[in-house]
Every structure is written in structure tokens, then in C-alpha cells.
Amino acid sequence: MARTALITGASSGLGAEYARQLAARGTDLVLVSPEEEALAELAAGLVDRLGVQVEVLVADLLVQGQLDRVVHRLAEPDRPVDMLLNCAGFGLHLNFERNEIDDEVRQLRLLVEVPMRLTHAALAPMLSRGSGRIVNVASVAGFVPFSTYGACKSWLISFSGWANGRYAARGVTVTAVCPGFTHTRFHERMGLAVRDMGLPSWMWLDARAVVAGSLRDIARGRARSVPTLRYKIAVVLSRVLPTGLVGSITGGAR
Amino acid sequence: MARTALITGASSGLGAEYARQLAARGTDLVLVARDRDALGDLADALTAQHGIGVDVLVADLVDAQQRALVAERLADLLHPIDMLVNSAGFGLPLAFERNDIDDEVRHLDLLVEVPMRLMHAALGPMLQRGSGRIVNIASVGGFIPRSTYGACKGWLISFSRWANGRYARRGVTVTAVCPGFTHTNFHERIGIPPGEEGIADWMWLEARDVVAESLRDVARGKAVSVPSLRYKAIIGLTRLVPASLVARAGERGR
């Protein structure tokens, strides 16, 4: 698929799973995350087992100087990056009015501004080579009202849809991957115990299945990928059902 | 409707039209924009014509310190703001890959971060009083993928839907107003002369009608207001036709 992929948020969750599955296909990797130890451990495991080349780029994407290093890496002409995966993210509690506004701004920057900057940096060399894959990890929350988190993910879905239409003819595809609730450390890091979230077990997805399903859609150059049939159906229903009903369903979960 | 409304982007376009129509209903105003002369002229005219109180707050909203003054004004418990109208905005050329990334970040700040910060500042006192109206000027571009502009407007629509569902029962409504192409100086400011926008005549709306119709929807506490029957029909269609076709429609006009 790609010779070299740069993955943000690579130390855990979907980012780490993309790293494992791409490495298994022989793709060299540039792994980005602020968590140095976790990155080094992941990189060593992948090099040992799969014989791919792995660069580790320790960077907090919310610190301008460190973000700039990732931007420069994407633009290096001698070491082209064929695939960019924007996976870094976190979620905030739903009660917007009680959240610190600075936390909300940090979330907006990591979920929207950072992928926008990295997409912009990756696009020029990809367009000049006439090939490239950009993958934005969004969420099914981007299809339904879900506080600022859902709004940010809808930004990514909207922009990916437009960008794929505009750049696919020039060889660069842009795909928004929209997983449902997936077993990663995401909810734990928000301080939510998975058992207390009150979701039926069928709503939980396995990271492996999400990544494998999305990589097929990415290879096909789809503008959006909603892994698993159950969530494909849920997204279609969200477009047809009245907004109020969708809101009352999503208002209950976190 | 409201006793005091704070309007951003009040010196021209839809912002100025909201100022005129709210003044005509006897609402006191706090007008926010960068252009001191234009704001002063508008304030003088409205005071003379309607006998209302008008405060002028000259501020560049992408400047953190000047923006903080506006947030403080919204949080001033002695001079309550009953209605916040987020109408400051601008557009960029569609060619994302050729736009300066710093311009794109400013665009994101003004279209998303600023309304988010001002809503957060306004919500506290509004929820405390158990009443308030928040109006976010989005665009039909938020329903149709259209570069970063459509994505930012999609953010506002998604968030307004969620926030209206969450806060309406506590007395605070949040409405995303989604105009189609409207006669203002918006396109001229991007450098497109009037008449050369590549838009069919029937697709143009008058600012007066957009504001009057949206104020009716705001008074009803609707989450989304799409002024004019033609655009309501277009938006209805976008929910039914495939996303790729909608994306192609977003390439039309400038």
C-alpha cells in the first residue's frame, strides 16, 4: 500500500494498531507521540518481528516547536512519506459549560488544527509526486450532535469529503475513518470506566477490526470509512431520523 | 425578544443587518468589530433612529487580549447580555493546498475558536439567569463539503444542535443560522467582484430576508435555521443524495 507512513498518536489505541497492521504489510513507519517510552517499545517490537524501518519522532503536537518538527518531516523531499495518519486525540467531558475553556481550545487544536496543518504540509509533496494517502481518524460522533468532540469530528468528515473529491484526480486520496465505540484506552483516559458507560456489548468494537476494515476503504480511496455493518446502519439511520431523537439517544451515552 | 444583544462582525454584512433589525425592535446593542469608524457610524444612526443604547467595542477577535475584553463583557453580571450573535467571519480561496497555512489557522480561529470561547463566556451567566439566546452564523456550506470553510460551518451546526438540545430546558437556546449565498460584501472581500461569483441569480438571498427569517427561528428556539424555501429544499436533498454527489456540488461557485 504505502512505503512509508507517518502516524500521530502512535503510542496507543488506534494509532498503535495502524502501526502494527501497516508494519505487517511491510510499510516503513514514522511514529509520532509525546510518550517516548511507549513509542520506543512499540518500534523495537515492530523492527524485531517484521523487519521494517521505524523512525521515532517524540513530539507533543500542541507545542508549536515540536509540531514544526513533524511538519518538516512530512516535507522532506529525500525521505517521502506516502501515507499520513492523523490519529492523535483525546476527549473531554460532555458538560461544555463546566469544562475549562483552555481544555476545550486544546481539544480543538489537537482534533482540528493539528490535522489541518499536517494535511497541508503533506499535500504539496504528495501532489507533486502524484500519489499519497491521507487518513483522518474521525468518529461516528461526527455524524450526530455530541458536544465539541462531535463537532470537531464532523469538521474532519466534511473536510475529508471535500479534499478527497478535489485531490483524488491528482492521485492523493483523503479518508475520514469513523469508528464507533472502540476498545482502547480512550475512555479510560477520560476517567470513564467502560463498565459504567451503560452501552450494550454489541456497540463495542475491536481496534483490530476497525483498522483492518478502514485500511480496505483507504486502499479504495473512499472519502469516508465507517467500519462494521452495525455502525454503517447506525449512521444511515442518523441521517433519516429526526434530529431530536438522535440527540436524545446520544445525550445518554458519553 | 432580548433586552441587550452582543453582535460580533457588526460593522458590515449580516452582523450589521442583525444590529438594524434588533434595534428596530428596541433591543440595546453591544457592537463588536475591528472597524472603529464603521461601528461608530452604525451606532450613531441606530441611536438616533431608534433611541436605544448602543455600546461600541472595537476588537480584533483573533487577538487574544482584545478577545478577552469581549468575553469579559459577556460575563459582566451587572450588565447582562441576553443574546449573543456570532457573526464575525471571512472566507478563503477554495484551493486549500495553495493557501498560506497561517491564514487557514486564523480562519479556523475566527470561525470556530472565537464563537466557542464567546459561547462559553456567555453560557455561565445565561444558565444562571435561566434565559438567553445564542445565535451562530453558519452557512449552507456546512451541509455541503466545501474546503475548510464548509468544515468550520459544519462544526457550528453540529455544536449548536447538541447545545440547543442540552441547554434549551434550562432556558438557553442555541441556533445555527445557515444562509445560502447572500448579498453582502463577503465575496468582494475575498477579491471576487459583484456579478462574477459564478452563482445563478435565483441562488442569491437578501441580507434583510435572511436576518428577519432567522430571528423568527431564533425566537422559536430552533437548533438550525435555513432561511428561504429554496435553500430548505436544497438542504433536504443533500440528506438524500450520495455524499460524493454533494461533494461535487460544493465545488461550484466561489
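Just so it is clear: chains get the letters A, B, ... in the order the sequence lines come, proteins before strands, and each one is counted from 1.
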- Message: Less than 4.5 Å to any heavy atom of chain B: does that hold for the side chain of A:Asn95, its backbone, both, or neither?
- Response: both
- Can we say A:Glu104 and B:Arg117 salt-bridge, meaning some charged N sits less than 4.0 Å from an Asp/Glu carboxylate O? no
- Item | Region of B:Asn164 in contact with chain A, defined by heavy-atom distances below 4.5 Å | neither
- Message: How close do A:Ser158 and B:Pro145 get, counting heavy atoms only, and between which atoms?
- Response: O-CB, 3.5 Å
- Message: Below 4.5 Å, heavy-atom pairs only: which of B:Gly165, B:Gly154, B:Ser147, B:Ala95 has the largest tally toward chain A?
- Response: B:Ser147
- Message: For a side-chain contact (heavy atoms from CB on, under 4.5 Å) check, start with the C-alpha distance between B:Trp162 and A:Val144, then their side-chain angles and the critical distance, and finish with the verdict.
- Response: CA-CA 8 Å; B:Trp162 176 84; A:Val144 290; over 6 Å; no
- Query: chain B heavy atoms under 4.5 Å from A:Arg170: which part of the residue, side chain, backbone, both or neither?
  - Reply: side chain
- Worked check of side-chain contact (heavy atoms from CB on, under 4.5 Å) between B:Val112 and A:Leu108: CA-CA 9 Å; B:Val112 177; A:Leu108 174 66; 3.7 Å; yes
- Query: So do A:His120 and B:Asp100 actually touch side chain to side chain, heavy atoms under 4.5 Å?
  - Reply: no
- Message: At a 4.5 Å cut-off on heavy atoms, which part of A:Leu127 comes close to chain B: side chain, backbone, both, or neither?
- Response: side chain
- Message: For B:Tyr149, which atoms come within 4.5 Å of any heavy atom of chain A: side chain, backbone, both, or neither?
- Response: neither
- Note on the structure: Interface check, chain A: of B:Glu104, B:Met116, B:Arg98, most non-hydrogen pairs under 4.5 Å belong to B:Met116
- Query: What's the verdict on side-chain contact (heavy atoms from CB on, under 4.5 Å) for A:Trp155 and B:Thr148, showing C-alpha distance, side-chain angles and the deciding distance?
  - Reply: CA-CA 8 Å; A:Trp155 192 103; B:Thr148 49; 3.8 Å; yes
- Return the minimal non-hydrogen interatomic distance between A:Met116 and B:Ile101, and the atom names on each side. O-CD1, 4.2 Å
- Over all atoms of both residues, closest heavy-atom pair of B:Phe159 and A:Ser147: CD1-C, 3.7 Å
- May I ask you to check whether over 12 heavy atoms, not counting those of A:Glu100, lie within 6.0 Å of atom CD? no
- Item | Contact check, side chains of A:Arg166 and B:Phe96, non-hydrogen atoms, under 4.5 Å | no
- Query: Which atoms form the tightest heavy-atom contact between B:Ser158 and A:Pro145, and what is the distance?
  - Reply: O-CB, 4.0 Å
- Message: With chain B as the partner, which of A:Ala223, A:Ala124, A:Cys152 has the greatest number of non-hydrogen pairs under 4.5 Å?
- Response: A:Cys152
- Query: Is B:Gln65 atom CD crowded by more than 12 heavy atoms from other residues, nucleotides or ligands, each under 6.0 Å away?
  - Reply: no
- Note on the structure: Honestly, the part of A:Thr148 sitting under 4.5 Å from a heavy atom of chain B is both
- Message: Less than 4.5 Å apart, side chain to side chain, heavy atoms only: is that true for B:Glu97 and A:Tyr167?
- Response: yes
- Message: If I measure from the heavy atoms of chain A, does B:Leu156 come under 4.5 Å with its side chain, its backbone, both, or neither?
- Response: neither
- Message: Between B:Ile144 and A:Trp162, is there a side-chain heavy-atom distance shorter than 4.5 Å?
- Response: no
